[in-house]
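The structure under discussion appears below in the form of structure tokens.
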Amino acid sequence: MKRKLTLGLVFAIVLMLAALTAVAVGLLTGKQVIEQVAVPLALNNDEGDTITDVYSSEELEQVLAALKENGIELDENSGILQAIANGQDYWEEETLMEICREAFGGLFYEWSVEEKYWFDTMTVQIGFKESNVYLVPGEGDMTVDEARTYGALALEMAYGVQLPAQSDAAWRIYEYFYAPYTDETGERDAWWSFEYENSETGVCEYTVQFGRKGENVQTWESELHGTVTHVGSFDQARMYVGSKYGGQRDWPPEAWAQYGSLIAPLEPQSRAQWCEQHAQYRAWPQDGLTREQAVECAKEAVNLDGQMDTHAFYFEQAGRMMAKVVLSIHFPGNENSASYDAIWCVEMDAMTGEISEMREYRYAQSDMLMMYVPFAVLDAAPQDEDFPMGE
């Protein structure tokens with residue numbers, strides 16, 4: 001038997017649906033929390049022309065409150081939550097990054113071209129960088145879909161492998177459209193890049209890179225299929241080595257040596273590239289100090305207590321094998337701080353451990369390159385204006 005709804009019940013249902021719709025419409029997304037709360041806070045804490053690159057714990061609490069009000073929960077291991085719990089500052093850029101990981105899902109390299117561009121734009125707004133590196137295609141550029149199809153076809157032509165244009169069960173595809181440099185006319189030199197990760201093994205097996213309209217195609221495959229010995233740019237070299245070893249701070253000596261070999265024949269376009277090319281990175285020297293031994297020598301020389309993050313590499317200087325160790329130190333009781341209390345760079349003889357030079361890296365004062373190239377190379381480096389294209 002059919003039952004008729006009373007007018008009163010119908011009215012009540014309509015009111016309930018309207019209320020639910022209002023609540024849904026009123027909730028902000030993670031992107032909107034960044035645009036309406038996090039970015040204004042970052043701009044307000046700057047002092048004149050001086051950019052403050054951290055949020056105070058009180059400002060973090062305002063950001064967290066906005067997230068909670070809009071039903072957005074952070075991971076329990078979030079650096080934002082740890083900083084608030086310890087009453088400490090936290091990097092503005094990393095705060096935006098953590099929110100975006102929840103909003104977009106996954107890490108930066110997993111995001112779409114549009115999401116990378118949007119995040120990059122937010123970091124420009126808060127003063128973290130001067131201009132966008134990651135872009136979205138404009139007039140005259142390939143569309144994202146066209147570039148995906150073109151990249152898959154280029155890899156098929158190069159290696160005879162049939163790959164999907166978009167991620168599927170077998171392949172995860174990481175996509176980029178970025179412009180790391182400007183050319184001699186001042187135009188942004190944008191590139192497409194697609195990395196194909198085997199879902200079963202987690203290995204990035206194929207990479208293709210080409211210009212904004214499909215020109216200058218470069219392809220390579222991982223060491224599962226063959227060793228790459230030639231690349232077309234410093235970025236390609238860094239991406240290739242990074243696909244195997246992760247971020248530069250995590251590279252073992254053999255990764256630095258491979259990177260140095262790949263960039264050796266290239267034409268440097270900036271001071272940073274010139275420094276890396278002249279660093280003469282080397283693999284671990286037989287019978288020399290191991291990485292662990294070099295780190296211990298550096299710790300003894302610096303003679304500071306605390307929790308330390310380290311990275312190290314070997315290089316050759318005037319026929320002498322050298323090691324460089326960077327110690328990034330949190331003093332006791334300050335382990336959860338967003339910034340290190342001290343960063344020391346220590347160079348030594350890679351065979352004997354004899355310290356040749358030590359320098360302290362100071363935020364906003366020191367050249368960050370001192371952590372990645374020898375002091376002597378850094379001191380001799382030309383300036384960016386001496387190159388046809390700046391970074």
Side-chain angles (χ1 to χ4, degrees), residues 10-47 51-137 144 166-167 172-178 335-339:
V10 170
F11 184 63
I13 292 172
V14 169
L15 286 179
M16 182 181 69
L17 291 174
L20 289 173
T21 301
V23 170
V25 170
L27 290 179
L28 301 179
T29 65
K31 289 176 63 174
Q32 291 171 322
V33 169
I34 288 176
E35 292 171 338
Q36 299 179 28
V37 180
V39 168
L41 280 173
L43 295 177
N44 288 336
N45 68 22
D46 293 339
E47 299 178 4
I51 294 174
T52 302
D53 54 7
V54 296
Y55 290 115
S56 66
S57 59
E58 292 78 13
E59 290 168 333
L60 290 173
E61 288 177 349
Q62 294 181 55
V63 174
L64 181 62
L67 292 171
K68 287 184 175 180
E69 288 170 4
N70 292 281
I72 302 170
E73 297 293 332
L74 297 176
D75 184 270
E76 61 181 8
N77 296 317
S78 162
I80 297 173
L81 298 181
Q82 292 180 20
I84 292 173
N86 291 286
Q88 295 173 329
D89 298 341
Y90 197 61
W91 299 114
E92 291 175 348
E93 185 268 348
E94 183 57 29
T95 298
L96 305 192
M97 180 70 80
E98 286 196 17
I99 298 172
C100 286
R101 290 186 192 122
E102 297 297 327
F104 301 151
L107 300 176
F108 179 81
Y109 62 85
E110 299 176 272
W111 301 347
S112 69
V113 165
E114 293 81 6
E115 289 165 344
K116 290 183 176 79
Y117 167 74
W118 180 88
F119 175 78
D120 212 33
T121 301
M122 294 301 103
T123 64
V124 171
Q125 288 191 20
I126 65 174
F128 179 74
K129 58 174 64 173
E130 293 185 358
S131 61
N132 282 66
V133 172
Y134 295 92
L135 308 176
V136 288
V144 175
Q166 299 191 52
S167 295
R172 287 189 288 267
I173 305 173
Y174 307 126
E175 57 188 29
Y176 306 84
F177 185 58
Y178 66 112
E335 290 82 2
N336 293 314
S337 173
S339 57

TODO: Just jot down the side chain to side chain donor-acceptor pair (under 3.5 Å) partners of Trp91, sequence neighbours excluded, or say none.
DONE: none

- [ ] Kindly compute the distance separating OG1 (Thr29) from CG (Asn70), expressed to the nearest 0.5 Å.
- [x] 8.5 Å

Open item on the list: Which residues pass the side chain to side chain donor-acceptor pair (under 3.5 Å) test with Tyr55, not counting sequence neighbours?
Closed with: none

- [ ] Only counting residues at least two apart or in another chain, list the ones meeting ring pair (Phe, Tyr, Trp, His ring centres under 6.0 Å) with Tyr176.
- [x] none

TODO: Supply the atom-to-atom distance Ile80 CD1 to Leu67 CG, rounded to the nearest 0.5 angstrom.
DONE: 7.0 Å

TODO: State, yes or no, whether a side-chain contact exists between Asn45 and Ser56 at a heavy-atom distance under 4.5 Å.
DONE: no

Task: Pairs touching residues 115-124 that satisfy salt bridge (Lys or Arg N to Asp or Glu O under 4.0 Å), sequence neighbours left out - done: Asp120-Lys129

Open item on the list: On a heavy-atom basis, which atom in Val144 and which in Glu114 lie closest, and how many Å separate them?
Closed with: CG2-OE2, 3.7 Å

Open item on the list: So which atom in Ala83 and which in Tyr90 form the shortest heavy-atom distance, rounded to 0.1 Å?
Closed with: CB-CB, 3.9 Å

Task: Ala42 to Ile126 - nearest heavy-atom pair and separation - done: CB-CG2, 3.7 Å

Under 3.5 Å, side-chain donor or acceptor atoms of residues 103-111 against the rest of the protein: list the pairs with distances, not counting sequence neighbours.
| unit_1 | atom_1 | unit_2 | atom_2 | d |
| --- | --- | --- | --- | --- |
| Glu110 | OE1 | Leu107 | N | 2.7 |
| Trp111 | NE1 | Gly106 | O | 3.2 |
| Trp111 | NE1 | Leu107 | O | 3.1 |

Open item on the list: Taking side chain to side chain donor-acceptor pair (under 3.5 Å) as the definition, give me every residue that meets it alongside Ser78, ordered by chain and number, with sequence neighbours left out.
Closed with: Glu98

Task: Residue pair Gln166 / Ile173: nearest heavy atoms and the distance that separates them - done: C-CD1, 3.4 Å

- [ ] Apply side chain to side chain contact (heavy atoms under 4.5 Å, CB included) to Ala66 and list each qualifying residue two or more places apart in sequence or on a separate chain.
- [x] Val33, Val37

Open item on the list: To check you understand the geometry: which heavy-atom pair defines the closest contact between Val124 and Glu130, and what is its length?
Closed with: CG1-O, 3.8 Å

Task: Shortest non-hydrogen contact from Phe119 toward Cys100 - done: CD1-SG, 3.7 Å

- [ ] Please name all residues satisfying side chain to side chain donor-acceptor pair (under 3.5 Å) with Glu335, sequence neighbours left out, ordered by chain then number.
- [x] none

- [ ] Could you name each residue pair satisfying salt bridge (Lys or Arg N to Asp or Glu O under 4.0 Å) that touches residues 56-66, not counting sequence neighbours?
- [x] none

Open item on the list: I'd like to know if the side chain of Asp75 and the backbone of Asn77 have a donor-acceptor N/O pair within less than 3.5 Å.
Closed with: yes

- [ ] Enter the distance from Asp46:CG to Asp53:CG here, rounded to the nearest 0.5 Å.
- [x] 9.0 Å

Open item on the list: Taking Phe128's backbone N and O only, do any of them form a donor-acceptor pair with Thr123's side chain (distance below 3.5 Å, no angle check)?
Closed with: no

Task: Pairwise side-chain contact, Leu135 with Tyr178, heavy-atom cut-off 4.5 Å (strictly under) - done: no

Open item on the list: With a 4.5 Å cut-off on side-chain heavy atoms, are Leu64 and Ile84 touching?
Closed with: yes

Task: side chain to side chain contact (heavy atoms under 4.5 Å, CB included) involving Thr121 - partner list, sequence neighbours excluded - done: Tyr117, Gln125, Asn132

Task: Summary of salt bridge (Lys or Arg N to Asp or Glu O under 4.0 Å) pairs that have at least one residue in residues 76-87, sequence neighbours excluded - done: none

Open item on the list: Do Ser339 and Val54 have side chains that approach each other closer than 4.5 Å (heavy atoms only, starting at C-beta)?
Closed with: no

Task: Donor-acceptor contact below 3.5 Å, side chain Glu102 vs main chain Ile99 - done: no

- [ ] With sequence neighbours excluded, give me every salt bridge (Lys or Arg N to Asp or Glu O under 4.0 Å) pair touching residues 85-95.
- [x] Glu94-Arg101

